[in-house]
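The next block holds one structure in the form of structure tokens; read it before the comments.
These numbers come from a predicted model, not from an experiment. Just so you know, ligand 1 is whichever comes first in the structure, and atom 1 is the first atom listed for that ligand.
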Amino acid sequence: METTTDVIVVGGGPAGISAAITIARAGLKVILIERGRFSGAKNVFGGAIYTKPTKEIFPDFETSAPLERKNIMHKYAILGEEDSTVVSYNNKNAEASSYTVIRAKFDRWMADEAKKAGVIIVEETVVKELIVEEGFVVGVKTELEDIGAKLVILADGVNSLLARQIGLRDDIETKDVALSVKEVIKLDKEKINDRFNLEDGEGCVYQLFGGSMLGKLGLGFLYTNENSVSIGLGITLNELTENKITPYELLEGIKKHPTIAPLIKGGELLEYSAHLIPEGGYKKIPQLCANGVMIAGDAAMLVDNLHWEGTNLAMISGKLAAETAIEAIEKNDFSEECLSAYSEKLENSFILKDLKAYRFLMEAAHDRRESFFGYYFKKINEFFESFTSVDSIPKREKYWNFLKNFVIGRNILEIFKDIWGVLKILWGIIVP
Ligand SMILES: Cc1cc2nc3c(=O)[nH]c(=O)nc-3n(C[C@H](O)[C@H](O)[C@H](O)COP(=O)(O)OP(=O)(O)OC[C@H]3O[C@@H](n4cnc5c(N)ncnc54)[C@H](O)[C@@H]3O)c2cc1C
């Protein structure tokens with residue numbers, strides 16, 4: 001191999017850039033290979049990046065990165081056919097916990113920071129396969145040339161063909177991955193401020209449940225950018241195939257809902273995109289390292305789908321993989337045993353602690369989706385409809401009617417199964 005380096009990082013998303021910049025800052029040679037025209041060119045997310053984890057990699061990002069809005073308002077909306085129940089948490093004065101960003105700008109900025117730190121970034125280049133010699137990954141094959149390295153970090157996203165090539169990962173089952181579609185809708189800054197009750201620079205995040213996704217394992221989102229709104233949803237692939245529905249139909253349903261339509265009215269469609277999200281959770285995390293290679297971010301299925309956290313897990317896993325690489329290079333030991341320090345670092349971090357705490361979540365969500373994502377949402381809206389209507393029916397009678405209908409509408413066995421599902425989730429959270 002003509003070109004050799006200390007570490008090759010495959011993929012220029014948050015995981016890959018965080019890994020590469022950490023290695024470069026330690027004075028080692030690192031090449032990052034990204035298939036897109038530039039980092040972020042094809043990357044899709046909701047979305048918000050989270051302040052604290054981002055600061056761990058880019059301490060001054062709040063003053064230098066291209067940010068859209070500081071999220072001060074979080075809304076959780078249960079959409080019925082026509083009505084909705086919305087819970088809102090607002091804090092104007094708190095430190096920003098997250099910012100909306102446009103990935104094409106933000107990832108590009110991260111890549112520029114990495115270049116400044118000494119990372120060699122090779123763009124518009126696909127890594128075709130890993131080079132394995134005597135059981136060790138020793139480099140990568142691109143369309144143009146073979147490049148050798150002491151270590152390779154795979155940060156090539158949810159599909160990670162390379163992790164599959166060397167048997168670190170199996171094919172993803174359709175229930176363990178969500179297809180997400182998103183539209184960016186242009187709206188004037190002033191309109192966004194008025195409609196969402198924001199000041200300049202402040203942002204609002206909506207998590208959307210029910211509506212056209214009622215009873216299905218799918219969630220919607222709406223984020224405010226400076227001059228646009230991102231709206232979309234993610235739904236597991238098996239829901240789409242079993243129900244013979246398309247995510248576009250579901251998104252149209254969400255956009256037409258009376259609670260959402262006025263927020264985006266008169267906006268101009270700027271962009272439409274689709275992407276997969278790993279949803280397997282803790283139990284589906286693959287083997288995280290082998291001789292000469294580690295795997296980070298979405299490629300390692302590191303997404304917390306309850307809290308909609310992905311970029312932070314990607315950044316921190318990339319950083320931890322990089323720190324392990326630096327130690328391994330110091331020891332000149334690239335064996336799986338030495339690299340297993342990376343798994344330990346992940347286990348000691350919030351990443352595997354959080355994913356482990358939710359280890360029963362996806363199983364219960366799949367098994368009980370019709371009730372958790374359907375029946376109870378309907379009942380919440382029904383309750384508020386009854387609570388807010390003034391109709392001369394005595395209140396006690398109303399509450400009894402609600403309770404009676406709640407139990408009649410649901411077979412008692414199903415209620416027990418739902419309670420069991422909730423208990424299992426709680427058990428996972430409480431018991432380490
Ligand atoms: C619709 C949607 C909404 C989301 N919303 C949020 C949110 O609001 N907040 C949040 O934190 N997370 C969110 N996520 C999740 C988040 O986007 C991901 O977890 C995060 O991008 C993972 O980063 P990564 O670096 O592991 O992978 P990616 O960002 O996917 O980057 C992988 C990179 O590898 C490159 N690549 C792949 N294969 C090769 C190859 N063979 N050779 C060279 N390059 C290659 C790709 O081009 C890509 O740039 C969302 C995801 C989706 C789809």
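The single protein non-hydrogen atom nearest to atom 41 (N) of ligand 1 is Val127 O, 3.1 Å, given as residue, atom name and distance. The protein non-hydrogen atom at the shortest distance from atom 27 (O) of ligand 1 is Gly157 CA, 3.8 Å. Considering only non-hydrogen protein atoms, atom 21 (O) of ligand 1 sits nearest to Arg103 NH1, 3.0 Å. When only non-hydrogen protein atoms are considered, atom 25 (O) of ligand 1 lies nearest to Ala15 N, 2.9 Å. Protein heavy atom closest to atom 31 (O) of ligand 1, with residue, atom name and distance, is Gly13 CA, 3.6 Å. Residue, atom and distance of the protein heavy atom nearest to atom 38 (N) of ligand 1 are Asp156 CB, 3.5 Å. The nearest heavy-atom contact from the protein to atom 3 (C) of ligand 1 is Gly46 N, 2.8 Å. Ranking protein heavy atoms by distance to atom 50 (C) of ligand 1, first place goes to Phe45 CB, 3.6 Å.
The distance from ligand 1 to the heavy atoms of Val126 drops below 4.0 Å at these ligand atoms: 41 (N), 42 (N). Atoms of ligand 1 found under 4.0 Å from any heavy atom of Thr311 (numbered from 1 in listed order, with element): 10 (C), 11 (O), 12 (N), 19 (O). When each atom of ligand 1 is checked for a heavy atom of Ala314 under 4.0 Å away, the hits are 22 (C), 23 (O), 26 (O). In the vicinity of Val10, heavy-atom distances shorter than 4.0 Å reach the ligand 1 atoms 40 (C), 42 (N), 43 (C). Less than 4.0 angstrom separates some heavy atom of Ser180 from each of these atoms of ligand 1: 1 (C), 2 (C). Taking every heavy atom of Trp308 and a limit of under 4.0 angstrom, the matching atoms of ligand 1 come to 7 (C), 9 (N), 10 (C), 11 (O). Below 4.0 Å from some heavy atom of Tyr50 lie the following atoms of ligand 1, by number and element: 9 (N), 10 (C), 11 (O). Atoms of ligand 1 lying under 4.0 Å from at least one heavy atom of His275, given by number and element, are 53 (C).
Distances between N or O atoms of Gly47 and those of ligand 1 include no value under 3.5 Å. Remark: ligand 1 and Asp298 share an N or O pair separated by less than 3.5 Å (distance only, no angle test). The distance criterion of under 3.5 Å between nitrogen or oxygen atoms is met by Asn43 with respect to ligand 1. Note: no N/O pair closer than 3.5 Å links Asn312 and ligand 1 by distance alone. At under 3.5 Å, a nitrogen or oxygen of Gly310, whether backbone or side chain, sits near a nitrogen or oxygen of ligand 1. Among the atoms of Arg35, some N or O lies under 3.5 angstrom from an N or O of ligand 1. Residue-to-ligand polar distances keep Val158 apart from ligand 1: every N/O pair is separated by 3.5 Å or more.
The shortest side-chain heavy-atom distance between Ser230 and Phe45 does not fall under the 4.5 Å cut-off. The shortest side-chain heavy-atom distance between His257 and Leu79 falls under the 4.5 Å cut-off.
Residue Asn381 comes nearest to Gly80 through the heavy atom pair ND2-N, 3.2 Å, listed as atom of the first residue, atom of the second, then distance. The shortest heavy-atom contact between Ile23 and Ala325 is CD1-CB, 4.4 Å. When every heavy atom of Arg169 is checked against every heavy atom of Pro286, the shortest pair comes out as CG-CB, 3.3 Å. Closest heavy-atom contact between Leu32 and Ala20: CD1-CB, 3.8 Å. Between Ala274 and Val181 the shortest heavy-atom distance is CB-CG1, 4.0 Å. Of all non-hydrogen atoms in Thr142 and Ile33, the two that sit nearest each other are CG2-CD1, 4.1 Å.
The aromatic rings of Phe377 and Phe373 sit perpendicular to each other, their planes meeting at more than 60°, with 30° as the lower class boundary. Using cut-offs of 30° and 60° for the angle between ring planes, the Tyr223 and Trp308 rings count as tilted.
Contact annotation for Thr125 and ligand 1: only backbone heavy atoms (N, CA, C, O) come within less than 4.0 Å of the ligand. By the criterion of a heavy-atom distance under 4.0 Å, the side chain of Ile277, and not its backbone, is placed next to ligand 1. Contacts with ligand 1 closer than 4.0 Å are made by side-chain heavy atoms of Tyr223 only, the backbone lying farther away.
Counting only non-hydrogen atoms, the option in Gly11, Ala299, Ala155 that gets closest to atom 32 (C) of ligand 1 is Ala155.
Ion pairing of Arg369 with Glu239 is present here, as a side-chain N (NZ or NE/NH1/NH2) and a carboxylate O approach within less than 4.0 Å. The pair Glu327-Lys345 meets the salt-bridge criterion, with a side-chain N (NZ, NE, NH1 or NH2) lying under 4.0 Å from an Asp/Glu carboxylate O. Ion pairing between Glu202 and Lys92 holds under the 4.0 Å rule for side-chain N and carboxylate O.
Judged by the shortest distance from any of its heavy atoms, Ile17 lies outside the 4.0 Å radius around the atoms of ligand 1. Assignment of Glu34 to the shell around ligand 1 is supported, since a heavy atom sits closer than 4.0 Å. Residue Ala48 places a heavy atom under 4.0 Å from ligand 1. At least one heavy atom of Pro14 sits closer than 4.0 Å to an atom of ligand 1. Heavy atoms of Lys128 stay at 4.0 angstrom or farther from ligand 1.
Aromatic pair Trp109/Phe58: centroids less than 6.0 angstrom apart.
The CD atom of Glu347 sits 11.5 Å away from the CG atom of Leu355 when rounded to the nearest 0.5 Å.
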Could you pull out all donor-acceptor pairs under 3.5 Å where a side-chain atom in residues 419-432 meets a protein atom, sequence neighbours excluded?
{"residue": "Lys424", "atom": "NZ", "partner": "Glu363", "partner atom": "OE2", "Å": "2.8"}

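Note that Arg108 lies in the cation-pi zone of Phe38, set by a 6.0 Å cut-off to the ring centre and a 45° limit from the axis.
Checked against salt bridge (charged side-chain N to carboxylate O under 4.0 Å, His left out), Lys191 has no partners two or more places apart in sequence or in another chain.
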